[in-house]
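Not measured: the values here are computed from a predicted model. We name chains A, B, ... by the order of the sequence lines, and we start the count at 1 in each one.
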There are 2 protein chains.
Amino acid sequence: MEREKAPETAVPIGDAARLSGVKVPTIRYYEQIGLLPAPARTEGNRRLYAGTDLRRLAFIRHARELGFDVDAIRTLLSLQDRPEQSCASADAIARARLAEVRQRMAKLKALEDELTRMIDECACGRVAECRVIETLAEPHRHGALA
Amino acid sequence: MEREKAPETAVPIGDAARLSGVKVPTIRYYEQIGLLPAPARTEGNRRLYAGTDLRRLAFIRHARELGFDVDAIRTLLSLQDRPEQSCASADAIARARLAEVRQRMAKLKALEDELTRMIDECACGRVAECRVIETLAEPHRHGALA
DNA sequence: TCTTGCTCCTCTAGCCGCTAGAGCATGTAG
DNA sequence: CTACATGCTCTAGCGGCTAGAGGAGCAAGA
């Protein structure tokens with residue numbers, strides 16, 4: 001019984017890319033930096049991705065979408081690999097990330113306000129009266145924070 | 001000698017950095033990429049920044065803070081240099097940036113929600129039950145773009 | 001069989017906006 | 001005069017990919 005060719009067994013990198021939503025060169029890059037283990041190869045030296053690889057790839061992609069950096073993902077993956085442990089680290093990483101996200105949002109809100117003001121106040125005549133340019137040219141305090 | 005630092009003359013790069021809030025190497029970098037004109041030099045080959053340079057630097061810094069990329073700043077600066085022209089381009093650049101900012105905010109909001117959910121639902125026991133890890137591992141649709 | 005045309009391989013270099021460091025010259029205070 | 005800060009140029013590195021060269025493998029059609 002040759003059941004070795006089940007449909008979901010292993011796929012080449014192009015399919016892995018389509019299935020996971022991670023681009024082909026990016027998959028190879030993840031392998032290079034050790035985020036994804038080197039998969040099996042065919043006789044012709046092509047990468048063959050199994051289900052576990054694809055799941056890991058999806059995990060990475062999702063985490064990247066949420067803005068986790070590679071280092072954080074490395075930690076999360078290592079946690080995932082040892083399900084006995086406490087998930088306090090994962091929680092901490094997520095919390096740190098949430099704090100970052102909130103900070104970034106606050107900043108963007110300030111930006112939005114300023115941009116809106118710039119645009120609204122711009123009579124859109126000559127540059128000489130342009131609020132957009134003018135606002136940017138205004139001296140800004142910077143002493144403490146960058 | 002109490003040679004007064006005449007305020008309206010020209011300052012070396014370190015002072016320019018302190019006054020503008022742009023770091024020394026960054027100032028040199030801006031010169032290198034042609035964002036800031038090469039300033040006058042002393043006999044000893046040191047850069048001397050005059051008021052116009054400092055104002056330009058402040059402009060650049062403010063624009064960078066608002067997230068404009070170097071190309072956009074180049075355009076804004078060239079507009080600033082010709083105050084007769086219509087400021088429609090500046091307006092367009094600012095509007096494009098505003099759209100970007102809003103998009104980014106929406107994304108971050110979604111992120112915040114997901115992170116909040118992840119954290120809230122995590123009982124913080126073993127990894128096996130950790131929502132943080134679990135959520136990241138969930139298959140995500142991506143085919144049509146999220 | 002050959003050929004077309006896709007996928008895949010490795011390798012190197014480039015992107016942005018800086019930042020860090022080496023190795024040397026200059027300026028200034030004590 | 002000596003220390004030490006500040007300046008100079010130059011090169012290389014960061015993260016997280018992305019692009020391209022130059023070649024090999026492989027399935028299907030003529």
Which atom names give the shortest non-hydrogen contact between Pro39(B) and Asp53(B), and what distance separates them?
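For Pro39(B) versus Asp53(B), the nearest heavy atoms are CB-OD2, 4.2 Å.
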
Expressed as a whole number of angstroms, how long is the span from [X]:[atom1] to [N]:[atom2]?
X: Asn45(B); N: dC10(D); atom1: CG; atom2: P; answer: 10 Å
X: Ile13(B); N: dC8(D); atom1: CD1; atom2: C1'; answer: 9 Å
X: Glu43(A); N: dA27(D); atom1: CD; atom2: C1'; answer: 16 Å
X: Glu31(B); N: dC10(D); atom1: CD; atom2: P; answer: 12 Å
X: Leu36(B); N: dG17(C); atom1: CG; atom2: P; answer: 16 Å

Of Gln32(A) and Leu48(A), the one whose closest nucleotide on DNA chain C sits nearer the 5' end is Leu48(A)

Most 5' of Arg41(A) and Arg46(A) on DNA chain C, judged by nearest nucleotide
Arg46(A)

Tell me the side-chain hydrogen bond (donor to acceptor under 3.5 Å, both in side chains) pairs involving residues 96-110 of chain B, sequence neighbours left out?
Glu112(A)-Arg102(B), Arg97(B)-Glu100(B), Lys109(B)-Asp113(B)

Does dC8(C) have OP1 or OP2 sitting under 4.0 Å from an N or O in the side chain of Arg47(A)?
no

Could you tell me whether Arg28(B) contacts a base, only the sugar-phosphate backbone, or nothing, with contacts defined as non-hydrogen atoms closer than 4.0 Å?
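Counting heavy atoms under 4.0 Å across all strands, the contact made by Arg28(B) includes a base.
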
Find out whether Leu115(A) and Phe68(B) are in side-chain contact, i.e. whether some heavy atom of one side chain is under 4.5 Å from a heavy atom of the other.
yes

Identify, between Gly44(A) and Gly44(B), the residue whose nearest nucleotide on DNA chain D lies closer to the 5' end.
Gly44(B)

Ignoring hydrogens and angles, tell me if any N or O in the side chain of Asp15(B) forms a donor-acceptor pair with the backbone of Pro12(B) under 3.5 Å.
no

Donor-acceptor pair, Asp120(B) side chain versus Arg117(B) backbone, under 3.5 Å?
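It does not hold such a pair.
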
At under 4.0 Å between heavy atoms, how does the protein contact nucleotides 15-20 of chain D? Give one character per nucleotide, 5' to 3', with B, S or -.
-BBS--

Should Leu79(B) and Val70(B) be counted in the same cluster of Ile, Leu, Val, Met, Phe, Trp and Tyr side chains packed under 4.5 Å apart?
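Yes, Leu79(B) connects to Val70(B) through the hydrophobic network.
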
